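Here the structure is a predicted model, which means the values were calculated and not measured.
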Amino acid sequence: AWRQSLGAGLLLGLALGCGWLSHWTPDLYPRLLLLGAGAVLALLGLGMMLALSDERGWTAAWQRRLDRHVTAAGLPFFAALVILTVAAITSGNNLLYLVASGLIAGLVVSGVAAAMNLSGMELRFRLPEEVFACRPAAVNFELVNTKSFWPAYALTVGASARPLRAGALDAELSPIYFAYLPRKAAVSGTSELLFPRRGRYTSAAFVLETAFPFGL
């Protein structure tokens with residue numbers, strides 16, 4: 001909820017900023033472009049606020065179990081973005097503003113494209129009837145892209161299961177990588193799941209990851 005509230009506030013703030021900039025823009029076409037961008041941002045912000053008040057809505061599919069973390073490639077990207085932004089503000093150099101805005105645009109595109117890439121995916125799996133400790137067990141699964149228009153790229157399927165006993169090792173599935181999955185298509189794969197010891201395992205979950213498009 002707090003993420004959705006923060007996003008709605010940022011969108012409405014950007015909409016007000018576009019309206020303020022259009023007031024000081026003398027040319028007609030840039031002014032219309034700023035007004036149009038402000039209207040779109042305002043509608044998105046209001047939609048997020050309405051979805052938050054309804055405790056569900058069109059943002060639920062985007063927020064469903066999507067965890068994001070900074071990758072090794074993203075650390076120098078964020079460092080360069082912060083340095084260039086500070087340098088642009090302190091120096092007033094237009095070229096630095098353009099480079100920083102390009103980096104911010106790439107960051108936004110990366111997040112939106114990754115969320116779209118992971119949306120609409122279904123995973124079906126089948127475990128063997130008998131599983132032994134310290135012996136790899138074959139896991140057959142099928143990954144389905146239910147999206148009607150967009151294919152999926154750079155997908156990695158993995159899994160883990162945490163034992164009830166504290167300090168014991170987790171059971172992990174050897175990750176398998178798919179470079180491309182067309183729309184309305186399915187791909188099958190087989191991997192190995194290794195349980196390090198006997199006993200009951202809980203918190204088992206399959207994980208679908210992507211580094212598309214920039215891996216930040």
Chemist: Any link between I83 and V99 through a network of hydrophobic side chains (Ile, Leu, Val, Met, Phe, Trp, Tyr) touching at under 4.5 Å?
Modeler: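 Looking at the clustering, V99 is in a separate group from I83.
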
Chemist: Grouping I, L, V, M, F, W and Y whenever their side-chain heavy atoms are under 4.5 Å apart, do M116 and V108 come out in a common cluster?
Modeler: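 Looking at the clustering, V108 is in the same group as M116.
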
Chemist: Search all heavy atoms of P128 against all heavy atoms of A137 and return the closest pair with its distance.
Modeler: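 The pair with the smallest heavy-atom distance is CG-CB, 3.9 Å.
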
Chemist: Between K184 and S148, is any pair of side-chain heavy atoms under 4.5 Å apart?
Modeler: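 Of all side-chain heavy-atom pairs linking S148 with K184, at least one is under 4.5 Å.
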
Chemist: Any side-chain heavy atom of R124 sitting closer than 4.5 Å to one from V144?
Modeler: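 When only atoms from C-beta onward are counted, V144 and R124 do touch, with a gap below 4.5 Å.
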
Chemist: Test side chain to side chain contact (heavy atoms under 4.5 Å, CB included) on N140 and L127; report intermediate values, then the result.
Modeler: CA-CA 7 Å; N140 300 320; L127 295 173; over 6 Å; no

Chemist: Indicate the atoms forming the closest heavy-atom contact of M121 with T146, along with that distance.
Modeler: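 In this case the closest contact between M121 and T146 is N-OG1, 4.4 Å.
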
Chemist: Checking N93 now: which residues fulfil side-chain hydrogen bond (donor to acceptor under 3.5 Å, both in side chains) with it, not counting sequence neighbours?
Modeler: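 With sequence neighbours excluded, N93 shows a side-chain hydrogen bond (donor to acceptor under 3.5 Å, both in side chains) to no residue whatsoever.
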
Chemist: Which distance, rounded to the nearest 0.5 Å, do you find between the OG1 of T85 and the CG of L103?
Modeler: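 The OG1 atom of T85 sits 7.5 Å away from the CG atom of L103.
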
Chemist: Check whether N145 reaches the backbone of W150 with its side chain - one donor and one acceptor, N or O, closer than 3.5 Å.
Modeler: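 At least one qualifying donor-acceptor pair exists.
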
Chemist: I want to check something: taking the side chain as every heavy atom from C-beta on, are N117 and L155 in contact at a cut-off of under 4.5 Å?
Modeler: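 Answer yes - side chains close enough.
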
Chemist: CG/L14 to CG/L21 distance, rounded to the nearest 0.5 angstrom?
Modeler: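 With rounding to 0.5 Å, CG (L14) is 10.5 Å from CG (L21).
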
Chemist: Test L118 against L208 for side chain to side chain contact (heavy atoms under 4.5 Å, CB included), laying out the working first.
Modeler: CA-CA 8 Å; L118 290 176; L208 183 63; 3.9 Å; yes

Chemist: Search all heavy atoms of T210 against all heavy atoms of A154 and return the closest pair with its distance.
Modeler: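 Heavy atoms only, the tightest pair is OG1-O, 3.0 Å.
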
Chemist: Return yes if some donor-acceptor pair links the side-chain N/O of S110 with the main-chain N/O of L107 below 3.5 Å, else return no.
Modeler: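 Checking the backbone N and O of L107 against the side chain of S110, no donor-acceptor pair under 3.5 Å is found.
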
Chemist: Measuring from S188:OG to F178:CZ, what's the distance to the nearest 0.5 Å?
Modeler: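 S188 atom OG to F178 atom CZ measures 8.0 Å (nearest 0.5 Å).
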
Chemist: To check you understand the geometry: which heavy-atom pair defines the closest contact between A15 and G38, and what is its length?
Modeler: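 It is CB-O, 3.3 Å.
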
Chemist: Answer yes if L194 and V131 sit in the same cluster of Ile, Leu, Val, Met, Phe, Trp and Tyr residues linked by side chain heavy atoms under 4.5 Å apart, and no otherwise.
Modeler: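 No, L194 and V131 fall in different hydrophobic clusters.
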
Chemist: Between S101 and L98, what is the shortest heavy-atom contact and its length?
Modeler: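 For S101 versus L98, the nearest heavy atoms are OG-O, 2.7 Å.
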
Chemist: Please round to the nearest 0.5 Å and tell me the distance separating atom CZ of R198 and atom CZ of F132.
Modeler: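 One gets 9.5 Å once the value is rounded to the nearest 0.5 Å.
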
Chemist: With a 4.5 Å heavy-atom cut-off, do T156 and I176 have their side chains touching?
Modeler: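 A side-chain contact under 4.5 Å is absent here.
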
Chemist: Under a 3.5 Å distance rule, please check whether Y97 uses its side chain to pair with a backbone N or O of A88 as donor and acceptor.
Modeler: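 Checking the backbone N and O of A88 against the side chain of Y97, a donor-acceptor pair under 3.5 Å is found.
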
Chemist: With a 4.5 Å cut-off on side-chain heavy-atom distances among I, L, V, M, F, W and Y, is there a chain of contacts connecting F78 to L75?
Modeler: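 Yes, one cluster joins them.
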
Chemist: Is any side-chain heavy atom of L143 closer than 4.5 Å to a side-chain heavy atom of L181?
Modeler: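 L143 vs L181: side chains touch.
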
Chemist: Flag yes if V109 and L216 sit in one hydrophobic cluster, no otherwise; membership is Ile, Leu, Val, Met, Phe, Trp, Tyr, and two members link when side-chain heavy atoms are under 4.5 Å apart.
Modeler: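 Yes; tracing contacts between hydrophobic side chains, which count when under 4.5 Å, links both residues.
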
Chemist: Is a donor on one side and an acceptor on the other found under 3.5 Å between the side chain of T71 and the backbone of G215?
Modeler: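 Looks like yes, one N/O pair under 3.5 Å.
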
Chemist: Can you tell me how far apart OG (S119) and NZ (K147) are? Round to the nearest 0.5 Å.
Modeler: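 One finds 4.5 Å between OG of S119 and NZ of K147.
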
Chemist: Kindly give the cluster partners of Y153, where membership spreads through any ILVMFWY side chain lying under 4.5 Å from a current member.
Modeler: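 Traced through the cluster, Y153 reaches Y180, F212.
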
Chemist: Can you see which heavy atom on T190 is nearest to which on F141, and at what distance?
Modeler: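 Heavy atoms only, the tightest pair is N-CE2, 4.3 Å.
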
Chemist: Distance check, rounded to the nearest 0.5 Å: S91 atom OG versus L96 atom CG?
Modeler: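 The CG atom of L96 is 5.0 Å from OG of S91, to the nearest 0.5 Å.
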
